[in-house]
Structure formats: C-alpha cells, structure tokens
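We use all heavy atoms of the structure for the numbers below, so side chains are in, but hydrogens, waters and symmetry mates are not.
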Amino acid sequence: MLFAGNRSGFEATFAGIKSDEGIYSGISNIAIFWSSSKKAPGLMWYRKLKITEQGVFRHYFSTQNACSVRCIKGK
C-alpha cells in the first residue's frame, strides 16, 4: 500500500506523460511507469498513480508515448 510522505518506501515523481504527438499532460497529477511486459507489438503495459485517487492502475498504450521508467537495483 502506498502512503503519503514515503512511509511505504516507494517514492514517485508525478511527471505526467508525453503523447506520440508530443503533447505533455498530467504533470504534477499522474505518475506513469512502463512495465517490462508487452501486450502486443508496439503496445506496452504501464502502471499509473494519480494524486486524486488511491491505488495503482494498469493499462497499455503505444510505445510511441513517453513516460517514466523506474529502475530497481539488483542484489
């Protein structure tokens, strides 16, 4: 579960998204992270956090969009 103030150990910057048309949206309101899983050629799954809603959402869109990548250091 995510908690305000980084109490869960996960910290995200709400950087929004850039569409394939080059339009930025959601800055300061949503954080979208690519998954490592493809749905189909040219489509990738992502996870989304919203300032206004609780939970982590899953959906997919074109790899032509730009969103954040979360790197996790291996052991």
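Atom-to-atom distance recorded for Phe14:CZ and Ser28:OG is 9.5 Å, nearest 0.5 angstrom. In this structure, OG in Ser68 is found 8.5 Å from CD1 in Ile32, a value given to the nearest 0.5 Å. With rounding to the nearest 0.5 Å, the separation of CG in Asn65 from CD1 in Ile17 is 4.5 Å. How far CD1 of Ile30 is from CZ of Phe57: 11.0 Å, rounded to the nearest 0.5 Å.
Closest approach of Cys67 to Phe33, counting heavy atoms only: SG-C, 4.3 Å. Of all heavy-atom pairs spanning Thr13 and Ala31, the tightest one is O-CB, 3.6 Å.
Sparse packing is recorded around OH of Tyr24, with 12 or fewer heavy atoms of other residues, nucleotides or ligands lying under 6.0 Å away.
Between the Ser19 side chain and the Glu21 main chain, a donor and an acceptor come within less than 3.5 Å of each other.
Residues meeting the salt bridge (Lys or Arg N to Asp or Glu O under 4.0 Å) test with Glu53, sequence neighbours left out: Lys50.
In the hydrophobic clustering of ILVMFWY residues, with side-chain heavy atoms under 4.5 Å counting as a link, Val69 and Met44 come out together. Taken together through direct or relayed side-chain contacts under 4.5 Å among Ile, Leu, Val, Met, Phe, Trp and Tyr, Ile51 and Leu49 form part of one hydrophobic cluster.
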Fill in: Verdict with reasoning, Trp45 to Tyr60, per ring-ring contact (aromatic ring centres under 6.0 Å, His included)
CA-CA 4 Å; Trp45 289 102; Tyr60 62 89; 5.3 Å; yes
